[in-house]
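Not measured: the values here are computed from a predicted model. Below, all heavy atoms of this structure are taken into account, side chains as well, without hydrogens, waters or symmetry copies.
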Amino acid sequence: FDILSLVRIKSYILSLLESNKEDFFYNELELQMFVARGLERKLGDGYKVHLEYQLPHGWNKKFDYQYERWGTEKPYFDIVIEDKCAKFIVIELKYKLKEIKLKRNSQFSRFGINPPSENFVLVSNHSAENEGRYDFWKDVKRIEALKMTFTNVLGGIAIFVTNQQNYRNNNTEYKYSNFNLSKHKSGFLYWNTDKMPIEEDTPGGEKLKDNNKKERDWGTKWKHWVRPNFKLERTYSGEWREFSGPLEEMFYCYAVTIR
């Protein structure tokens, strides 16, 4: 692998998604499988494509220190590509859908049977768009942390796929707007700090009370699940692409490269 490998792999994944007219993905895992199989075909012998690649807690204290600031969940990565020289590229995918209804005469079938009714709801709307945006940039930060910790991690690619145009138009509340998937992104990203008491006034506001709070607290003080603020180490430039996908749905794709 070299730096150009990141560019080529990103370009290949985007072309793979844009050319797909048949395989509809119900969830993110199905999308991961589709991309991983495509990469295996493209890269051929000498490369390994790992799915749900987990880094056990305690494997690297430097990474643990960075990661524990964001929560206590076990760190794993959607797709990791390993070359024959033990160099690694990390790929993170996000997949968000709005409601999809099928006509009775739709080409989509299960076990050879068409939809049982007109306007059959195939997929319900994925809500919490603000959290979807946050999670995308958190993925970017996680890859940054890997690259800073492991010298044999070349970098990574973060890709957001959706049929919900709100993400592209960045229709969101102002207090979450710095997590928009916009053309340029850098620096400190703050999550709804007006609802989360800051322990001390640091430049990034990273020190939050109950920073590792895992469960949702619907009391009067905590209205939202605590999501730590963080700082991106680089400036990222992303562009939206649109394409006609399965079920004649328009899909939108946003991708950045972490070097």
Side-chain angles (χ1 to χ4, degrees), residues 1-23 25-68 70-71 73-95 135-161 185 230 232-239 241 243 245 251 253-259:
F1 284 138
D2 55 25
I3 293 297
L4 285 176
S5 300
L6 283 166
V7 177
R8 288 193 293 263
I9 290 173
K10 174 185 167 185
S11 177
Y12 172 71
I13 294 174
L14 293 178
S15 66
L16 184 69
L17 294 172
E18 290 175 356
S19 63
N20 174 46
K21 306 297 181 186
E22 297 181 1
D23 295 318
F25 313 118
Y26 271 99
N27 52 48
E28 201 168 282
L29 180 59
E30 289 188 355
L31 174 61
Q32 291 173 17
M33 293 290 293
F34 176 81
V35 171
R37 288 196 299 263
L39 288 169
E40 286 176 333
R41 292 192 301 269
K42 179 70 173 178
L43 295 171
D45 296 336
Y47 295 87
K48 296 179 182 177
V49 179
H50 306 277
L51 274 171
E52 299 293 313
Y53 192 86
Q54 185 168 324
L55 182 63
H57 184 79
W59 201 269
N60 185 289
K61 290 184 179 180
K62 182 180 178 183
F63 182 83
D64 287 347
Y65 172 75
Q66 296 183 75
Y67 198 81
E68 284 170 356
W70 311 325
E73 72 265 29
K74 295 178 181 178
Y76 62 89
F77 304 90
D78 292 343
I79 300 173
V80 172
I81 310 172
E82 178 183 357
D83 73 6
K84 52 190 173 185
C85 298
K87 298 294 183 182
F88 298 84
I89 287 176
V90 180
I91 299 167
E92 287 288 304
L93 301 168
K94 283 287 173 281
Y95 185 57
D135 290 342
F136 175 83
W137 290 112
K138 181 179 174 181
D139 280 348
V140 172
K141 181 62 183 177
R142 292 165 77 235
I143 297 174
E144 283 188 342
L146 274 179
K147 190 176 186 306
M148 293 168 62
T149 306
F150 296 92
T151 57
N152 50 352
V153 174
L154 182 65
I157 303 159
I159 299 177
F160 192 100
V161 182
K185 189 70 63 179
F230 55 84
L232 297 175
E233 301 301 324
R234 295 174 58 92
T235 297
Y236 294 97
S237 298
E239 296 283 353
R241 299 168 67 153
F243 54 93
F251 281 84
C253 185
Y254 181 89
V256 298
T257 303
I258 301 95
R259 302 181 184 180

TODO: Go through the steps for Lys10 and Leu14 under the test side-chain contact (heavy atoms from CB on, under 4.5 Å), then give the verdict.
DONE: CA-CA 6 Å; Lys10 174 185 167 185; Leu14 293 178; 4.2 Å; yes

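- Between Leu154 and Lys87 there is no side-chain heavy-atom pair separated by less than 4.5 Å.
- Aromatic ring pairs are classed by plane angle as parallel below 30°, tilted from 30° to 60° and perpendicular above 60°; the pair Trp137 and Tyr236 is tilted.
- The heavy-atom pair separating Gly38 from Tyr12 by the smallest distance is O-OH, 2.9 Å.
- In terms of heavy-atom proximity, Glu92 sits nearest to Tyr76 at OE2-O, 4.2 Å.
- Between the CD1 atom in Ile157 and the CD1 atom in Ile89 there is a gap of 6.0 Å [rounded to 0.5 Å].
- Taking the six-membered ring for Trp and the full ring otherwise, Phe34 and Phe25 have centroids separated by under 6.0 Å.
- Interatomic distance, CZ of Arg8 versus CG of Asp2, reported as 5.5 Å (0.5 Å rounding).
- Using a 4.5 Å heavy-atom cutoff, the side chains of Ile13 and Leu39 are in contact.
- Using the six-membered ring where Trp is involved, Phe136 and Tyr254 have ring planes that are perpendicular, over 60° apart on the 30 and 60° scheme.
- A heavy-atom distance below 4.5 Å is not found between the side chains of Val161 and Leu93.
- Between Ile258 and Val90, the closest side-chain pair of non-hydrogen atoms is not below 4.5 Å.
- A distance of 9.0 Å separates CD1 in Ile81 from OG in Ser5, rounded to the nearest 0.5 Å.
- Put simply, the side chain of Met33 does not reach to within 4.5 Å of the side chain of Asp23, judged on heavy atoms.
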Open item on the list: Apply side-chain contact (heavy atoms from CB on, under 4.5 Å) to residues Leu17 and Leu31 and explain how you reach the verdict.
Closed with: CA-CA 9 Å; Leu17 294 172; Leu31 174 61; 3.6 Å; yes

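- Around the NZ atom of Lys42, the shell of radius 6.0 Å holds no more than 12 heavy atoms that belong to other residues, nucleotides or ligands.
- With hydrogens and angles ignored, the 3.5 Å screen pairs no side-chain donor or acceptor of Asp139 with any backbone N or O of Ala158.
- Taking 4.5 Å as the limit, some side-chain heavy atom of Phe150 sits within range of a side-chain heavy atom of Leu55.
- One distance of note links CZ of Arg142 with CZ of Phe230; it measures 11.0 Å at 0.5 Å rounding.
- The pair Asp78-Lys94 does not count as a salt bridge, with every side-chain nitrogen at least 4.0 angstrom from each carboxylate oxygen.
- Cys253 and Phe243 get closest at one heavy-atom pair: CB-CE2, 3.9 Å.
- Taking CZ of Phe88 as the start and NE2 of His50 as the end, the distance is 6.0 Å to the nearest 0.5 Å.
- Residues Leu16 and Arg41 share a closest heavy-atom pair of CD1-NH2, 4.3 Å.
- For Tyr95 (side chain) and Gln32 (main-chain N/O), no donor-acceptor pair under 3.5 Å exists by modelled atom type.
- Nearest heavy-atom pair, Gly156 versus Leu6, reported as atom, atom and distance to 0.1 Å: N-CD2, 3.6 Å.
- Electrostatic pairing of Glu144 and Lys141 counts as a salt bridge here, judged by a charged N lying under 4.0 Å from a carboxylate O.
- Heavy atoms from other residues, nucleotides or ligands lying under 6.0 Å from CZ of Arg259 number 12 at most.
- A distance of 10.0 Å separates OG1 of Thr257 from CZ of Arg234, quoted to the nearest 0.5 Å.
- Contact record, Ala255 with Ile159: CB-CG1, 3.9 Å, taken as the closest heavy-atom pair.
- Aromatic pair Phe1/Tyr47: ring centres closer than 6.0 Å.
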